[in-house]
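From a predicted model like this one, the values you see are computed outputs, not experimental measurements. Position 1 is the first residue of the sequence, and the numbers go up from there.
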Amino acid sequence: MSWKRSEKLMDNIKHYSNFPATGVSLRQMVQFGEKPSTGTLFRASQFLSEELPIRLAHRVQELQELPDGLNEMPSIGRVRDWYAQSFEDIVTLPRPNLSAEVKERLLRPNKRSKDNILSKATRNPSIAADQYQYQNGNGNGQGNGNGSNISRQVKSASRRYYVAADDGQEWPPELAAYNKTFAETLEKIKRRHDSVVTTVAQGILEWKRKKQRMQIDHNIQAFLDRFYMSRIGIRMLIGQHIALTDQRQRGDPNYVGIICTKTNVRELAQEAIENARFVCEDHYGLFDAPKVQLVCNPDISFMYVPGHLSHMLFETLKNSLRAVVERHGQDKDEFPVTKVIVAEGKEDITIKVSDEGGGIPRSAIPLVWTYMYTTVDQTPSLDPDFNKSDFKAPMAGFGYGLPISRLYARYFGGDLKLISMEGYGTDVYLHLNRLSSSSEPLQ
């Protein structure tokens with residue numbers, strides 16, 4: 001039976017969209033520690049059960065109100081319905097009936113907790129004020145009366161994501177059962193949204209064909225930045241909570257959920273180099289892809305999400321290798337070496353990828369950050385199911401690699417910058433904020 005949205009659901013979504021999202025920092029996520037208690041996970045699930053519907057509602061509203069007919073594209077409608085269905089899944093999930101004693105225990109502060117030292121989040125240094133915010137309606141939270149949890153949501157803006165709830169006593173089984181059910185619901189939502197990036201890209205292609213446009217304008221560019229940044233945040237919160245709940249995956253003491261407290265930069269860079277060279281050889285039919293020299297202290301490590309860093313490094317290296325091969329020709333016996341240099345500072349860990357791929361004309365540099373801009377002659381066909389994980393394009397052709405990578409970098413306070421010498425090559429600087437206390441960009 002196919003899912004259909006109701007008028008009542010859409011009214012509820014509109015009401016939720018009037019409330020602001022609450023930013024979370026990497027350091028706050030790590031405060032859960034390697035083995036959070038059932039009570040702590042329950043408190044986190046309560047935060048997410050109020051926070052995620054707000055973020056999902058913002059996206060549904062924005063998808064409905066896109067300008068210039070973009071909201072009428074079939075693929076955009078499909079994504080909007082996924083977000084609305086996920087919203088419904090969370091808000092209709094039954095909560096357990098707890099005794100007054102258990103409620104009191106959950107609200108009691110943990111004396112052993114050091115969260116008063118770690119919990120403060122600083123402004124994300126790479127994001128301008130209101131850069132990713134979406135304002136809907138009057139924005140003052142005065143909705144139409146739908147949604148029984150709204151009174152709690154107003155308060156949740158000042159409530160922390162992490163609240164320790166561990167008094168050393170056993171928690172009733174209904175809490176653990178709810179935690180499991182909530183994590184299973186999040187897993188279902190995560191799978192449903194796996195192909196969101198490619199489906200939205202399909203919607204943009206549909207719109208470009210219908211309107212006979214070659215490029216997207218700045219309004220759609222700003223929408224895509226907001227939308228994909230929001231998606232990174234939603235998937236980060238969902239993936240982190242699923243990993244924290246699943247006790248079976250706790251093999252490495254350096255991991256708290258999907259965050260590694262000692263992410264080794266050299267190991268991830270080496271892996272990204274090997275993957276990018278493999279894809280390059282496969283795409284161009286090369287016996288040996290251009291060499292990549294890695295200059296990195298093997299001991300550089302910091303708190304980060306390895307999956308995010310791997311994605312950014314792979315996309316950046318893939319672009320460089322492609323530029324080198326196409327600049328010098330596939331038949332060349334030996335290509336110029338691409339260099340990856342890692343430097344460690346007090347604020348940032350910076351990774352420079354330096355190639356001799358001919359560079360980019362100065363007039364084209366702003367286009368590099370535009371979605372759906374590509375220098376490939378023919379864009380590959382876009383099947384939303386071609387990859388059921390986060391967006392990984394083939395060697396080239398979609399124009400998503402750099403813009404999405406920059407969002408990943410900015411999500412936790414870093415940035416991605418590009419300096420090019422036309423006729424020679426390009427240097428890409430990936431700045432990673434090592435302070436870990438900057439808040440997510442609010443959407």
Side-chain angles (χ1 to χ4, degrees), residues 13-14 16-26 29 47-67 70-71 75-87 89-91 121 123-124 126-137 139 153 156-157 161 186 189-190 192-201 203-204 216 219-241 258 305 307-308 311 369 371 390-391 400 403-414 438-443:
I13 286 173
K14 187 172 183 178
Y16 272 71
S17 71
N18 285 318
F19 294 90
T22 304
V24 177
S25 75
L26 193 63
M29 293 185 188
F47 174 90
L48 291 183
S49 69
E50 297 172 353
E51 177 64 19
L52 290 174
I54 292 173
R55 297 191 184 202
L56 293 168
H58 283 188
R59 303 285 69 84
V60 174
Q61 283 299 110
E62 187 163 35
L63 287 165
Q64 287 207 126
E65 298 165 6
L66 288 174
L70 182 56
N71 59 338
S75 295
I76 298 296
R78 196 177 309 134
V79 173
R80 179 202 60 215
D81 286 352
W82 287 343
Y83 274 77
Q85 188 176 359
S86 297
F87 172 93
D89 286 349
I90 295 176
V91 298
R123 191 184 71 79
N124 190 320
S126 65
I127 305 298
D130 301 330
Q131 185 171 350
Y132 294 106
Q133 283 191 344
Y134 166 63
Q135 298 297 333
N136 177 54
Q153 284 159 0
S156 76
Y161 165 54
L186 294 184
I189 290 170
K190 190 169 184 283
R192 178 184 296 138
H193 291 249
D194 274 342
S195 53
V196 158
V197 175
T198 48
T199 310
V200 170
I204 301 293
I216 61 176
N219 288 326
I220 293 177
Q221 172 76 14
F223 152 68
L224 290 171
D225 270 344
R226 277 194 308 273
F227 184 85
Y228 291 136
M229 181 67 91
S230 170
R231 180 178 186 268
I232 291 170
I234 289 170
R235 287 181 78 82
M236 180 71 205
L237 289 175
I238 286 177
Q240 180 70 358
H241 194 82
I258 59 175
V305 183
H308 288 194
H311 178 93
W369 305 110
Y371 296 93
D390 275 347
F391 187 78
Y400 265 59
I404 292 281
S405 295
R406 184 166 69 171
L407 294 184
Y408 272 110
R410 288 179 170 179
Y411 179 70
F412 279 130
S438 61
S439 175
E440 302 175 277
L442 295 181
Q443 310 90 18

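Looking only at distances, a side-chain donor or acceptor of E51 sits under 3.5 Å from a matching main-chain atom of T22. Between the side chain of S86 and the backbone N or O of W82, at least one donor-acceptor pair lies under 3.5 Å. Without hydrogens or angle criteria, N124 side chain to E440 main chain gives no donor-acceptor distance under 3.5 Å. With H193 contributing its side chain and V79 its backbone, the two residues share no donor-acceptor pair below 3.5 Å. For Q240 (side chain) and I258 (main-chain N/O), a donor-acceptor pair under 3.5 Å exists by modelled atom type. The backbone N or O of K14 sits less than 3.5 Å from a side-chain atom of S17, completing a donor-acceptor pair.
Scanning all heavy atoms of the two residues, the minimum distance from S405 to H311 falls at OG-CD2, 4.0 Å. Considering all non-hydrogen atoms of both residues, K190 and G239 come closest at CE-CA, 4.3 Å. Nearest approach of L237 to V24, heavy atoms of both residues: CD2-CG2, 4.3 Å. Nearest heavy-atom pair, Y228 versus V197, reported as atom, atom and distance to 0.1 Å: OH-O, 3.4 Å. Minimum interatomic distance between A21 and I54 (heavy atoms only, all atoms of both residues): N-CG2, 4.2 Å.
Using a 4.0 Å cut-off between a side-chain N of Lys or Arg and a carboxylate O of Asp or Glu, D194 and R235 qualify as a salt bridge.
With contacts defined as side-chain heavy-atom distances shorter than 4.5 Å, the pair M229/I127 qualifies. Contact annotation: the side chain of I189 approaches that of I90 to within less than 4.5 Å [non-hydrogen atoms, C-beta and beyond]. In this structure, the side chains of H58 and Y83 stay at 4.5 Å or more apart for every pair of heavy atoms. Counting only heavy atoms from C-beta outward, the side chains of L63 and L70 never approach each other to under 4.5 Å.
The salt bridge (Lys or Arg N to Asp or Glu O under 4.0 Å) search around R406 returns none, not counting sequence neighbours. With sequence neighbours left out, the side chain to side chain contact (heavy atoms under 4.5 Å, CB included) criterion links D225 to Y132, Q221, Y371, L407. Taking the ring pair (Phe, Tyr, Trp, His ring centres under 6.0 Å) definition, one finds that F87 meets it with Y16, sequence neighbours left out.
Between Y411 and H308, the angle of the ring planes goes over 60°, which puts this pair in the perpendicular group of the 30/60° scheme.
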Original post:
Given the rule in the side chain to side chain contact (heavy atoms under 4.5 Å, CB included) test, do L224 and I216 qualify, once you have shown the distances and angles that lead to the verdict?
Top reply: CA-CA 10 Å; L224 290 171; I216 61 176; 3.9 Å; yes

**OP:** May I have the step-by-step check of side chain to side chain contact (heavy atoms under 4.5 Å, CB included) for R192 and D89, ending in yes or no?
**Re:** CA-CA 12 Å; R192 178 184 296 138; D89 286 349; 2.9 Å; yes

**OP:** Show your working on side chain to side chain contact (heavy atoms under 4.5 Å, CB included) between N71 and Q64 and close with a plain yes or no.
**Re:** CA-CA 6 Å; N71 59 338; Q64 287 207 126; 5.8 Å; no

Original post:
Taking it one step at a time, do F227 and V196 satisfy side chain to side chain contact (heavy atoms under 4.5 Å, CB included)?
Top reply: CA-CA 10 Å; F227 184 85; V196 158; 3.5 Å; yes

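A donor-acceptor contact closer than 3.5 angstrom links the side chains of S230 and R59.
Atom CG of residue N219 and atom CG of residue L66 lie 10.5 Å apart, to the nearest 0.5 angstrom. To the nearest 0.5 Å, the span separating CZ on R80 from OG1 on T199 amounts to 13.5 Å. In this structure, the separation between CZ on F47 and CG on L52 is 8.5 Å, given to the nearest 0.5 Å. Note that CD1 of I238 and CG of L48 are 8.0 Å apart. Values are rounded to the nearest 0.5 Å.
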